[in-house]
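Working notes, structure below.
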Amino acid sequence: MKVLFLDLDSTNPEHLGCYGYHRNTSPNIDGIASEGVRFTNYYTSDAPCAPSRTALMSGQFGIRNGLVGHGGTAGDMKHEGVNRELSGRLSSGGSLPSYLQIFGGLKTVLISPFAYRHSTFAFYAGFNEIYDTGGFGMESADQVTPVAIDWIRRNAASQEDWFLYINFWDPHTPYRTPESYGDPFADEPIPEWLTEEVLQRHLEKVGPHSASELNIDFADKTYNNAVHPQYPRHPGDIPNMDGLRKVIDGYDTGIRYMDEHIGKLFDSLRQEGVMDELLIIISADHSENMGHLGIYGEHSTANQGTCRLPMIVRGPGIGRGEVNEGLHYHLDLLPTFAELLGEPPAPFWDGVSYARALTEGEECGRDYVVVSQCAHVAQRSVRFENWIYIRTYHDGLHLFDKEMLYNLLDDPHEQHNVASEHKDICREAVYYLNEWHDEMMFRSKDDIDPLWTVIKEGGPFHAKGYLKGYIKRLEETGRGHHVAELKHRHPGEFPENRSPELLRFKEAFTKKRFRTLGK
């Protein structure tokens with residue numbers, strides 16, 4: 001077995017031709033989809049980048065492996081503890097690459113800078129060869145493709161079986177496609193649902209990567225609309241429909257540029273004579289909010305826009321031109337590989353095999369899936385039937401409602417929260433969420449839910465410490481009326497201002513105490 005795994009960072013399936021997009025962003029990806037199985041309800045269990053790839057590589061939900069954030073205690077995996085052996089679990093068949101190496105006999109190769117981007121060095125466990133493309137995830141496809149083609153020319157046609165994992169980054173902000181590439185979509189309309197009326201609603205919203213502030217100022221700890229001169233395709237805000245077009249064009253151009261380089265990889269594989277025998281998997285670590293929940297160019301929530309992934313599988317013995325609509329997690333890939341190899345799955349994995357969906361066209365999906373996000377917000381969501389229910393524990397300064405419910409059949413871009421109209425559906429979702437949580441905690445070896453670790457340590461990494469600077473910007477841009485609610489929800493951002501209730505209680509206690517002592 002020879003396997004090519006393409007991990008396309010921040011790629012929203014809604015912007016791929018094979019998923020129905022009106023722009024021709026992905027002809028090479030579409031070609032593979034026409035020859036294989038395309039999944040329409042495929043989700044990361046944990047978003048965004050580091051939690052998603054850690055869940056995929058470990059085969060475990062973030063609530064179990066511990067890595068759910070981009071900083072603090074929950075930015076690292078849990079220790080194996082007293083039962084750790086000479087070789088840890090990940091390098092002993094417990095991770096995706098080590099399993100393929102040990103049980104499948106595959107040479108495992110990684111072309112990615114990802115571990116350095118987020119200091120997630122467990123990501124390397126099980127790879128025989130590692131090629132760091134050196135840009136910490138800021139690479140363009142023209143920096144990744146030569147490294148991949150060089151490996152293909154030297155190794156692809158060997159008698160050895162292999163697993164080649166390649167990261168592309170072009171859809172991720174800031175949009176960095178070379179200016180010389182031009183604007184392939186200048187004369188094409190943007191998605192029809194993004195109207196002037198929708199944009200006006202979005203301009204009233206607050207929070208990072210809302211229409212009024214697309215960038216983060218890491219130095220001064222705030223959000224802003226500054227434009228980096230190195231990335232002219234990436235605007236700082238969306239003040240009008242022309243600005244909206246610039247954002248959509250920047251994203252779509254990144255996908256198209258990446259797709260052309262993927263085509264170059266395919267050409268090289270054909271030249272080496274291995275394309276027909278190759279198992280090709282095309283997916284992503286997460287998707288991208290492109291107007292979903294009023295957020296643009298960011299993967300910052302536990303919603304459909306961030307967590308639904310493209311997933312395309314093509315190769316020998318795989319169905320041709322089929323569409324699978326079942327609910328699946330990305331970490332279901334590990335037991336799927338085990339079944340395809342005829343080997344037992346690791347007992348500590350959380351996934352369920354969907355091999356029959358690939359080889360026999362069966363609908364073998366789950367009844368519901370639970371997805372989590374703790375890097376930008378703290379949310380858990382339940383996707384079932386036509387619904388996605390989102391429960392917010394920390395709003396990431398977006399002023400989200402505690403409960404949000406969207407009918408994805410009627411409202412696929414999550415614009416109209418109908419939770420108050422469907423309390424029965426919300427209660428059903430909470431039941432699923434509690435069932436999942438109970439199962440995960442029983443399967444865990446400790447009593448720690450890392451979502452609450454994030455909360456207790458001050459909140460999600462990309463929101464913690466930003467409110468003071470952001471208040472100033474809100475007041476300067478005519479949105480100061482949101483400040484009182486933000487302060488009310490996030491008193492921890494102002495430790496010098498203790499809650500009035502606590503101050504009154506302490507004053508009353510002091511008076512009572514000293515009155516007693518004076519008797």
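Below, each value reflects all heavy atoms present in this structure, side chains not excepted, and no hydrogens, waters or symmetry copies. Along the sequence shown, residues carry numbers from 1.
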Donor-acceptor pair, distance only, cut-off 3.5 Å: does the side chain of Gln379 make one with the backbone of Ile390? no

Between Met290 and Leu194, is there a side-chain heavy-atom distance shorter than 4.5 Å? no

If the condition is side-chain contact (heavy atoms from CB on, under 4.5 Å), which residues does Arg245 pass it with, not counting sequence neighbours? Arg23, Ile190, Asp249

Are the side chain of Trp162 and the backbone of Ala156 linked by a donor-acceptor contact shorter than 3.5 Å? yes

Begin from the C-alpha positions of Phe461 and His70 and carry the test ring-ring contact (aromatic ring centres under 6.0 Å, His included) through to its verdict. CA-CA 6 Å; Phe461 175 79; His70 278 175; 7.2 Å; no

Mark yes or no for whether Ser287, through its side chain, and Thr306, through its backbone, hold a donor-acceptor pair below 3.5 Å. no

Has Tyr116 got more than 12 heavy atoms of other residues, nucleotides or ligands less than 6.0 Å from its OH? no

Quick one: which residue pairs count as a salt bridge (charged side-chain N to carboxylate O under 4.0 Å, His left out) with a foot in residues 328-339, not counting sequence neighbours? Asp332-Arg366

Treating Arg314 as the side-chain partner and Gly321 as the backbone partner, does any N or O pair qualify as donor plus acceptor under 3.5 Å? no

Check the angle between the aromatic planes of Phe123 and Phe127 and answer parallel, tilted or perpendicular using the 30° and 60° thresholds. tilted

When the aromatic ring centroids of Tyr43 and His330 are compared, is their separation below 6.0 Å? no

Can you tell if the side chain of Tyr175 reaches within under 4.5 Å of the side chain of Tyr231, non-hydrogen atoms only? no

By the definition side-chain contact (heavy atoms from CB on, under 4.5 Å), identify the one residue from Leu110, Thr145, Val109, Val144 that meets it with Ile166. Val144

Looking only at heavy atoms, what is the nearest atom pair of Ala74 and Val454, with distance? CB-CG2, 3.7 Å

May I ask you to check whether Tyr296 and Glu288 show a side-chain donor-acceptor distance below 3.5 Å? no

Salt bridge or not for Asp217 and Lys221, using N-O below 4.0 Å? no

Expected output: side-chain His228 to main-chain Gln230 donor-acceptor under 3.5 Å: yes

Quick check against the 3.5 Å criterion: does Gln101 have a side-chain atom that pairs as donor or acceptor with the backbone of Pro97? no

Spacing of Leu4 atom CG and Ile32 atom CD1 [to the nearest 0.5 Å]: 9.0 Å

For a 4.5 angstrom cut-off between non-hydrogen side-chain atoms, does Gln143 reach Thr133? no

Is the cationic atom of Arg38 (NZ for Lys, CZ for Arg) positioned less than 6.0 Å from the six-membered ring centroid of Tyr19 and within 45 degrees of its normal? yes

One pair to check against salt bridge (Lys or Arg N to Asp or Glu O under 4.0 Å): Lys246 and Asp183. What are the steps and the verdict? CA-CA 10 Å; Lys246 187 166 186 177; Asp183 187 352; over 6 Å; no

Shortest non-hydrogen contact between Ser268 and Arg153, atoms and distance: OG-CG, 4.1 Å

Give the C-alpha distance, both sets of side-chain angles, the deciding distance and a yes or no for ring-ring contact (aromatic ring centres under 6.0 Å, His included) between Trp436 and Tyr368. CA-CA 10 Å; Trp436 173 86; Tyr368 66 92; 8.9 Å; no

Paired with Glu14, the side-chain hydrogen bond (donor to acceptor under 3.5 Å, both in side chains) test is passed by just one of Gln304, Arg308, His292, namely His292

Checking Gln373 side chain against His299 main chain: does a donor-acceptor pair fall under 3.5 Å? yes

Taking the side chain from Ser26 and the backbone from Gly17, do they hold a donor-acceptor pair closer than 3.5 Å? yes

Hey, does Tyr21 have a side-chain heavy atom less than 4.5 Å from the side chain of Leu16? no

By side-chain contact (heavy atoms from CB on, under 4.5 Å), which residues pair with Pro178, not counting sequence neighbours? Asp142, Ser180, Tyr257

Mind checking whether Tyr354 and His328 have ring centres under 6.0 Å apart? yes

Can you check whether His398 reaches Lys205 side chain to side chain, under 4.5 Å on heavy atoms? no

Going by atom types only, do Trp151 and Glu129 share a side-chain donor-acceptor pair under 3.5 Å? yes

Quick check: does any side chain N or O of Trp349 sit under 3.5 Å from a backbone N or O of Gly94, one acting as donor and the other as acceptor? yes

Tell me whether the guanidinium CZ or amine NZ of Arg89 lies under 6.0 angstrom from the six-membered ring centre of Phe348 and within 45° of its axis. yes

Test: Arg64 and Asp350 ion pair at under 4.0 Å: yes

Hey, what's the ring geometry for Phe61 with Tyr329, parallel, tilted or perpendicular (30° and 60° as the breaks)? perpendicular

Proximity of Tyr466 and Tyr223 rings by center, below 6.0 Å: yes

Glu260: what forms a salt bridge (Lys or Arg N to Asp or Glu O under 4.0 Å) with it, not counting sequence neighbours? Arg256

Kindly write out the residues that satisfy side-chain contact (heavy atoms from CB on, under 4.5 Å) with Asn167, not counting sequence neighbours, or none if the list is empty. Asp7, Arg53, Ser112, Phe114, Tyr165, Trp169

So how far is it from Leu8 CG to His172 NE2, rounded to the nearest 0.5 Å? 13.5 Å

Residue set satisfying salt bridge (Lys or Arg N to Asp or Glu O under 4.0 Å) with Arg176, at least two apart, ordered chain then number -> none

State, yes or no, whether a side-chain contact exists between Asp170 and Ile255 at a heavy-atom distance under 4.5 Å. no

Could you check whether Glu277 pairs with Lys2 (Lys NZ or Arg NE/NH1/NH2 to Asp/Glu carboxylate O, under 4.0 Å)? yes

Does Asp285 use its side chain to pair, donor to acceptor, with the backbone of Ala50 at less than 3.5 Å? no

